[in-house]
Chemist: 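Submitted below is the structure of interest, expressed as structure tokens.
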Amino acid sequence: MSYKVPSDDINFVVRYLADLPMVLQLPGFEEFTTELCDAILEENARFVQEQIAPLNAPADRTGAQLQDGQVTTAQGFKDALAAYTASGWQGLQHPGEYGGQGLPKLLHAVVTENLNAASLAFALCPLLTDGVIEALHAAASPELKNAYIPPLIEGRWTGTMNLTEPQAGSDLALLRTRATPQPDGSYRIQGEKIFITYGEHDLSENIIHLVLARTPDAPPGVKGISLFLVPKFLVNQDGSLGARNDVWCARLEEKLGIHASPTAELLYGSGKGEVGEGGAVGYLVGETNKGLQYMFIMMNAARYAVGLQGVAVAERAWQMAQQYAHERKQGQSVTGGSDTVVIAQHPDVDRLLQTMRGLVEGSRALAYWAASAEDVARQHQDPQWAQRSQALYEFLVPVIKGFATEMSVEVTSLAMQVYGGMGYIEETGIAQLYRDARILPIYEGTTAIQANDFIGRKLLRDKGLVALSIQALVQMTVDQLQERLAEGSLAPEQQVALKQIHQQLTASLADYGQGVKTILTEFAEHPKAAFYGSVPILMLTGTLLAGWQLARSAVLVTQVTDSNMSAEYRAQKLATAVFYSATVLPRTHSYLATIQAGTVLEQFHAQTL
């Protein structure tokens, strides 16, 4: 089945929930119009559908190949990346001073989802390049920025993130890679990095690695980590490529999924390069011992993007399950009759399909809403508005990364269930999506790491201030639902729908408030008990906020007059919100029960060791 960008839902979310017209009024975006943005999104949909999506299944079958230290990517990837960058997609959100287009993050969020839905394995390369550009723009010297950012935006070069080592996964305090200063101001890097996505490939002229390492006099632990730029080929003063640096691919990992994405083990300082002994040549980014701080810039960008990957893979899985369920005939209708019906007519299959759709569309709306907040944070002239929006965006990143990626695993699994035995067969394509999705709650920080960040750096840092502000926003929608129900102007089916949504959203909002309160009050005396509830509070928050966005949608489709919004779309959006409120929102009750049982779980912890 070919992938089709869900343009109707994307356009609705961008315009009404993420408020694109408001974003375009921010300083720096004045030259962009809604018509221009519509044209950009239309062209992007055409591009990914025609040039990227057809590569997904064949590339999964062939994968990437390593021979003599050189990696050959799947057929079609090199031409696809050239077309992607030539069309300007790599520079969409980046500053114009370096050759980018400076468009809002909201638009880039859509492009990111579309590209990842077309091919997750392919999209990882430009995703990481985006992160390198952001990190360099925020922390590098003017010389490094001017030398490296333009070729990255042009797509002639690509970027990677080098954190993990065999003994240092999530705990970067154990990092051993060394960086020795040289008389000319450069450094020599020696060490081993593993799990480096697109660490070696044939898609670009040069690969720019951002590497965490320690200088000889660095303090122990994470406070002694610095960040270095290490190019595959050294760059001459005129911008041309010079000597081959001493960074080499020792092996490619054999993975469960994303087969077409080369995941490399990189050796720095093996003596095989053209730069002499002593290690790979690298350049300090920013100040020494602040590497983790700088890398978090890239990691936060990547974590948000991985959340969008979750939405993307789930969208494609839902589309495939939806089409299959309307083609596959099996059994008779539960209401009687002897004719064989398509399986979509069976209530439980419909429940699965609508649950999947609600999870995908709620997560999409939440992610786009967060992108809009980040645009306000970056561009608003009022420092207080900008600060509040930045705090909101930072609060949402671990939620989007954690919830949307766990959601993706669930949706791809449900899609396989709709297919039945055929879903377990690789030929149908659902198995690939299921395999691909499984990495999403793991890389760029596991769900538990996102949850620990959510509690430690978000809830506790401001004593729940942002959490409570979100509670107030959801309450506003609860009140709007009540007002709509009291107006008496709704059609009967709309009345039933909004009543169901209002009832469950009210109950789930109460769960959220109680969950936040429990975490905040228990942490001082029982921190371990609070962390037993870290993933549950993260998932409760994501479940609520995705449902809130669907509730906002339900109000809008029964209220807004828009000739571009079809009656079919309005009816389906309302139905999706109803199904989510009935099948997903009640999960907040069980999440809260787990959170509140934290002290009991702590009491029995020692007995389980």
Side-chain angles (χ1 to χ4, degrees), residues 69-71 73 78 81 85 90 94 98-99 124-163 177-182 184-193 196-213 215 226-250 262 264-286 291 294-295 297-298:
Q70 306 296 317
V71 171
T73 52
K78 189 169 186 177
L81 186 64
T85 53
Q90 188 73 69
H94 299 301
Y98 297 108
L124 281 164
C125 187
L127 182 155
L128 287 164
T129 302
D130 278 332
V132 170
I133 294 168
E134 287 204 29
L136 292 179
H137 185 251
S141 66
E143 292 77 16
L144 286 181
K145 290 180 185 180
N146 292 329
Y148 287 88
I149 293 180
L152 287 165
I153 288 178
E154 292 168 16
R156 292 191 289 114
W157 303 350
T158 59
T160 75
M161 181 192 313
N162 284 231
L163 289 80
T177 299
R178 303 187 308 278
T180 305
Q182 303 298 302
D184 64 357
S186 67
Y187 288 76
R188 288 296 185 125
I189 313 298
Q190 291 182 309
E192 177 186 5
K193 295 290 184 178
I196 309 305
T197 302
Y198 278 93
E200 172 61 29
H201 59 80
D202 59 351
L203 303 182
S204 61
E205 299 172 7
N206 205 359
I207 304 174
I208 310 305
H209 305 289
L210 289 188
V211 183
L212 291 182
T215 56
S226 300
L227 182 64
F228 298 89
L229 184 156
V230 184
K232 176 180 176 180
F233 291 96
L234 300 188
V235 179
N236 299 319
Q237 286 196 344
D238 62 359
S240 62
L241 298 185
R244 177 68 161 87
N245 209 353
D246 194 0
V247 50
W248 295 88
C249 178
E265 175 187 342
L266 295 182
L267 301 180
Y268 290 84
S270 63
K272 294 170 61 178
E274 301 171 346
V275 294
E277 298 295 328
V281 176
Y283 308 97
L284 179 67
V285 176
Y294 303 143
M295 187 62 89
I297 298 169
M298 185 175 185

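Count residues from 1 along the sequence.
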Chemist: Atom OH in Tyr198, atom CG in Leu127: separation rounded to 0.5 Å?
Modeler: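 One gets 11.0 Å once the value is rounded to the nearest 0.5 Å.
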Chemist: Could you check whether any side-chain heavy atom of Tyr187 comes within less than 4.5 Å of a side-chain heavy atom of Thr215, counting everything from C-beta outward?
Modeler: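 Answer yes - side chains close enough.
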Chemist: NZ of Lys232 to OG1 of Thr158: how many Å apart, nearest 0.5 Å?
Modeler: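 Here the rounded value is 8.5 Å.
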Chemist: Of the non-hydrogen atoms in Cys249 and Val71, which two are nearest, and what is the gap between them?
Modeler: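 Closest approach of Cys249 to Val71: SG-CG2, 4.4 Å.
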Chemist: Can you tell me how far apart CD1 (Ile196) and CG (Leu128) are? Round to the nearest 0.5 Å.
Modeler: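 These two atoms lie 9.5 Å from each other.
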Chemist: Ignoring hydrogens and geometry, is there a side-chain-to-backbone donor-acceptor pair from Lys193 to Leu212 under 3.5 Å?
Modeler: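 Looks like yes, one N/O pair under 3.5 Å.
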Chemist: Has the side chain of Asp184 got a donor or acceptor atom that lies under 3.5 Å from a matching backbone atom of Ser186?
Modeler: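 The answer is yes, because a donor-acceptor pair under 3.5 Å joins these two groups.
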Chemist: Specify the closest pair of heavy atoms between Pro231 and Asn206, including all atoms of both residues, with the distance to one decimal.
Modeler: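 Between these two residues, the closest heavy atoms are CB-ND2, 4.0 Å.
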Chemist: To the nearest 0.5 Å, how far apart are CG in Leu266 and NE2 in His209?
Modeler: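 Rounded to the nearest 0.5 Å, the CG-NE2 separation comes out at 5.5 Å.
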Chemist: Kindly give the heavy-atom pair with the smallest separation between Ala213 and Ala179, and that separation in Å.
Modeler: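 Heavy atoms of Ala213 and Ala179 come nearest at CB-CB, 4.0 Å.
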Chemist: If we only count heavy atoms from C-beta on, is the Thr73 to Leu81 side-chain gap below 4.5 Å?
Modeler: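 The answer is no, as the side chains (C-beta and beyond) never meet within the 4.5 Å cut-off.
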Chemist: Determine, step by step, whether Arg178 and Arg188 satisfy the side chain to side chain contact (heavy atoms under 4.5 Å, CB included) criterion, reporting the C-alpha distance in whole Å, the side-chain angles of both residues, the deciding distance to 0.1 Å, and the verdict.
Modeler: CA-CA 8 Å; Arg178 303 187 308 278; Arg188 288 296 185 125; over 6 Å; no
Chemist: Is there a side chain to side chain contact (heavy atoms under 4.5 Å, CB included) between Ile133 and Tyr98 once you walk through the steps?
Modeler: CA-CA 10 Å; Ile133 294 168; Tyr98 297 108; over 6 Å; no
Chemist: Would the distance check show the side chain of Asp238 and the main-chain N or O of Ser240 forming a donor-acceptor pair, the cut-off being under 3.5 Å?
Modeler: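 Side chain of Asp238 to backbone of Ser240: a pair is present.
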Chemist: Show, in sequence, the C-alpha distance, side-chain angles and deciding distance for Leu210 and Leu136, and conclude whether the side chain to side chain contact (heavy atoms under 4.5 Å, CB included) test is met.
Modeler: CA-CA 9 Å; Leu210 289 188; Leu136 292 179; 4.1 Å; yes
Chemist: Should Met161 and Val132 count as side-chain neighbours, where that means a heavy-atom distance under 4.5 Å?
Modeler: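 In short, these two side chains do not touch, never coming nearer than 4.5 Å.
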Chemist: Between CH2 of Trp157 and CG of Leu241, what distance do you get to the nearest 0.5 Å?
Modeler: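 CG of Leu241 is found 6.0 Å from CH2 of Trp157.
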Chemist: Looking at every heavy atom in both Glu134 and Ile297, which two are closest together, and how far apart are they?
Modeler: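 Heavy-atom minimum between the residues: O-CG2, 4.0 Å.
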Chemist: Has the side chain of Glu192 got a donor or acceptor atom that lies under 3.5 Å from a matching backbone atom of Glu265?
Modeler: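 Not a single qualifying donor-acceptor pair exists.
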Chemist: List the atom of Ile153, the atom of Gly99, and the distance in Å for their closest heavy-atom pair.
Modeler: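 Scanning both residues completely, I find the closest heavy atoms to be CG2-O, 3.7 Å.
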Chemist: With a 4.5 Å heavy-atom cut-off, do Gln70 and Glu200 have their side chains touching?
Modeler: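 Side chain of Gln70 against side chain of Glu200, heavy atoms only: contact under 4.5 Å found.
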Chemist: Distance-only criterion, 3.5 Å: show the donor-acceptor pairs between side-chain atoms of residues 270-284 and protein atoms not counting sequence neighbours.
Modeler:
from, atom 1, to, atom 2, distance (Å)
Ser270, OG, Asp246, OD1, 3.3
Glu274, OE1, Arg244, N, 2.8

Chemist: How close do Thr160 and Gly199 get, counting heavy atoms only, and between which atoms?
Modeler: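 Minimum heavy-atom separation between Thr160 and Gly199: CG2-CA, 4.0 Å.
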Chemist: Using modelled atom types and a 3.5 Å cut-off, is there a donor and acceptor pairing between side-chain atoms of Thr129 and backbone atoms of Gly159?
Modeler: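 Yes.
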Chemist: Looking at CD1 of Ile207 and NE2 of His201, how far apart are the two atoms once the value is rounded to the nearest 0.5 Å?
Modeler: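 Spacing of CD1 (Ile207) from NE2 (His201) equals 3.5 Å.
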Chemist: Taking the side chain as C-beta and beyond, is there a heavy-atom pair between Glu154 and Thr85 under 4.5 Å?
Modeler: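 Heavy-atom side-chain distance check fails, nothing below 4.5 Å.
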